[in-house]
Amino acid sequence: MASTPGFKRPRGTQDILPEEAERWRRLEALVHRHSAAFGYGEIRTPVFEESELFIRTAGASSDIVRKEMYTFRDHGGRLLTLRPEGTAGVGRAYLENGLASAPQPVKLWYLGPMFRYDRPQAGRYRQHTQYGIEIFGASSPLADVEVILVAHDLFERLGLTDVVVHLNDIGCPRCRPAYREALVGYLVSRVDRLCADCRERLARNPLRIFDCKDEDCRGLLEEAPLSVEYLCPECRAHHERVEEGLTALGIPFVEDPRLVRGLDYYTRTVFETVHQPRDTGTDAGRAERVLCGGGRYDGLIEELGGPPTPGVGFGMGLERLLATVAEQGLEPPQAVGENRALVFVVSLGTSLAAEGFRLARALRRAGFAAVNDLLERSLRAQLKAADRAGARWALIVGEEEAARGVVTVRDLRSGRQDEVPTGDVVEVLLREV
RNA sequence: GUGGAUGUAGCUCAGUCGGUUAGAGCGCCAGGUUGUGGCCCUGGAGGUCGCGGGUUCGAAUCCCGUCAUUCACCCCA
């Protein structure tokens, strides 16, 4: 990264240049259409909230709260935090705007930047973009199924295959204590075989031990009690119906009894959608990518001071999604009506520059993309610029044309050109496009 | 927060054992063609060698620190 200028972008952030920005625009447009097609409404909430909101919902013991929040005090002394995830703010907005009294379920989607003070790595940034959906007011497993379906079908629309859902159920406040006790009981008697990290987890958040990559810990966990074995009858039935739903819809999933989530507000269903390339050939070292993570959070709204309200949703990392799409040689689909042929208006000499602007304006009003020369360059240089810009036509206005009230229309693909009366140019091009 | 690798032109990279004006390809600009793009030819612009310090007669090159990128952890999207 050469750095002639004195300023550099902050660590873990990105500049998105025009070519890449176009891919973003297409993906965002697709997300918009896709969400609407499922009947979700867009919600836009602030990028910062009271710090307490995140502490309360994510949990004081979560990594997000312990070390990843961008927190600051404003001039009024308020303690604020750049949002590290989307659900808390949406839940807050749901309550604050009386959506609890709207017809249920309330289905919302959002897209925007999230901030976490992480160490940057492949597919991980301090500012990243998340697309997420939330369903409030639906306790049925059908809602869980739809949430997973929305993600699955988005991947399908992008042409991504090799995507599989990892599914688990971590129970509810009624059955989790018993499970937690069983797990801790199992591990406490074997604490000497746990790695240092896991000993700490044991006290703070024992479920997280399932995330450990240490071989000894993993071996120990082979025999450990699993949350699905301790589900109460209601949770068990819920879990089974989610699986039935996925099966009925042909959504590939695997039971992953060791999948846990980092945030305290999850109940019952937790899932991750993972992309794992089929060819294990060359870059086998590349870790599988978690594109989407989510689950059910029936306690969230109550935690925020609202009425008991079930919720399910997911968050999806768009940087990762875009990177995965690119790796697979795919492009986000173009939106209809997006592509307008580009016309380059060549004007020769200072006296005709205004005519160049006028022609370009007329073309834009007719729906073309049109640019005109701003450097007063030679004909040769302007045509070269037109070529590089990928223009379909060059319109040439020089002394000779101006004197006769015509413009030269050059087709840059074939090299053929004709003179057309100035007033007819737009019509002629419209016929050809 | 931990460990490894890497920082030379806009981009991808050479640069020998420490040696004098730091190079190539691509890209950019101009000319060859005073009104015709792509191909070709010629020329040109563009560099605090990431930054700071140290060793040395002399540092892109060696040492230390720092920042950034990247890979693996922690964790997550």
Side-chain angles (χ1 to χ4, degrees), chain A residues 1-14 17 58 61-68 83-87 111-132 151 195-198 200-201 205 208-214 259-263 272-275 283 285-287 289-294 313-324 344 346-349 352 375 377-402 408-417:
Chain A
M1 217 65 3
S3 56
T4 317
F7 293 109
K8 292 186 286 195
R9 63 176 188 271
R11 183 166 206 203
T13 63
Q14 295 183 288
L17 273 30
S61 71
S62 67
D63 277 45
I64 285 183
V65 172
R66 286 173 50 238
K67 50 186 192 185
E68 295 177 0
R83 62 182 180 194
E85 55 93 31
T87 300
L111 187 157
M114 305 293 161
F115 305 85
R116 285 182 205 172
Y117 190 83
D118 253 0
R119 182 118 175 214
Q121 202 183 304
R124 194 167 66 196
Y125 302 91
R126 289 186 173 179
Q127 177 181 335
H128 75 282
T129 310
Q130 257 184 60
Y131 160 50
C195 69
D197 280 347
C198 284
E200 201 195 321
R201 290 191 184 105
N205 197 343
R208 305 317 307 272
I209 293 179
F210 282 111
D211 282 336
C212 192
K213 306 288 191 295
D214 183 274
L259 173 65
V260 291
R261 306 249 78 210
L263 306 177
E272 287 180 350
T273 309
V274 176
H275 176 78
D283 55 358
R286 193 147 199 96
R289 265 176 216 275
V290 177
L291 296 177
C292 174
F314 68 65
M316 189 183 293
L318 296 192
E319 283 81 3
R320 287 181 188 182
L321 180 56
L322 231 29
T324 303
F344 196 106
V346 175
S347 61
L348 299 173
L352 290 170
L375 295 177
R377 289 180 282 195
S378 67
L379 172 62
R380 172 183 155 86
Q382 289 192 52
L383 281 175
K384 189 180 256 193
D387 190 53
R388 308 251 159 115
R392 170 76 203 281
W393 292 283
L395 298 192
I396 304 169
V397 201
E399 306 265 330
E400 295 168 19
E401 286 87 353
T408 296
V409 178
R410 181 177 177 82
D411 184 319
L412 291 173
R413 292 202 283 214
S414 64
R416 266 195 290 275
Q417 62 185 44

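Chain letters run A, B, ... following the sequence lines, proteins first, then strands; residues in each count from 1.
At a threshold of 4.0 angstrom between heavy atoms, the contacts of Glu400(A) include nucleobase atoms, whether or not backbone atoms are also involved. In this structure, Gly415(A) reaches the bases: a heavy-atom distance under 4.0 Å links it to at least one base atom across the strands shown. At a threshold of 4.0 angstrom between heavy atoms, the contacts of Glu401(A) include nucleobase atoms, whether or not backbone atoms are also involved. Counting any heavy atom pair closer than 4.0 Å across all strands shown, Tyr125(A) reaches a base atom. Within 4.0 Å (heavy atoms only), Gly349(A) reaches no atom of the nucleic acid at all. Among the heavy atoms of the strands lying under 4.0 Å from Arg413(A) is at least one base atom, whether or not backbone atoms are also near. At the heavy-atom level, Ile396(A) lies under 4.0 Å from base atoms of the strands shown.
As the counterpart of C28(B), G44(B) is assigned, both hydrogen-bonding distances of the Watson-Crick or G-U wobble pattern falling under 3.5 Å. A60(B) makes up no base pair with any nucleotide shown, lacking Watson-Crick or G-U wobble contacts both under 3.5 Å.
Between His275(A) atom NE2 and A77(B) atom C1' there is a gap of 15 Å when expressed in whole angstrom units. For the pair Arg9(A) CZ and A68(B) C1', the computed distance is 9 Å after rounding to whole Å. Summarising the geometry, the separation between CD1 on Ile64(A) and P on C75(B) is reported as 13 Å, rounded to the nearest angstrom. If you take CG of Leu383(A) and C1' of U34(B), they are 16 Å apart, rounded to a whole angstrom.
The P atoms of U42(B) and G50(B) are separated by 32 Å, rounded to the nearest whole Å. Here, U69(B) and C26(B) have their C1' atoms 23 Å apart, quoted to the whole Å. U61(B) and G15(B) are spaced 9 Å apart, taking the C1' atom of each and rounding to whole Å. Rounded to the nearest Å, the gap between the P atom of U8(B) and that of G47(B) is 15 Å. Comparing G25(B) with C64(B), their C1' atoms are spaced 36 Å from each other, to the whole Å. Between G19(B) and A60(B), the distance separating the two C1' atoms is 13 Å to the nearest Å. Rounded to whole Å, the separation between the P atoms of A45(B) and G10(B) comes to 15 Å.
Evaluation of atom-type donor-acceptor distances gives a pair under 3.5 Å for the side chain of Gln417(A) against the base of U36(B). Under 3.5 Å, the side chain of Arg119(A) and the base of U2(B) form at least one donor-acceptor pair of N or O atoms. Judged by distance alone with a 3.5 Å cut-off, a donor-acceptor contact links the side chain of Arg116(A) to the base of A77(B). Asp387(A) contributes no side-chain N or O that forms a donor-acceptor pair with the base of G38(B) under 3.5 Å.
Listed pair Arg388(A) / C29(B) meets the phosphate criterion, a side-chain N or O lying under 4.0 Å from OP1 or OP2. In this structure, Gln121(A) reaches the A72(B) phosphate: one of its side-chain N or O atoms is under 4.0 Å from OP1 or OP2.
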Taking N or O atoms only and anything under 3.5 Å, show me the protein contacts with nucleotides 40-43 of chain B, one pair per line.
none

Residues Leu379(A), Val346(A); criterion side chain to side chain contact (heavy atoms under 4.5 Å, CB included); working and verdict: CA-CA 7 Å; Leu379(A) 172 62; Val346(A) 175; 3.7 Å; yes
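A 4.5 Å side-chain heavy-atom check between Val274(A) and Arg289(A) finds every atom pair outside the cut-off. Counting heavy atoms from C-beta outward, His128(A) and Arg124(A) have side chains that stay 4.5 Å or more apart.
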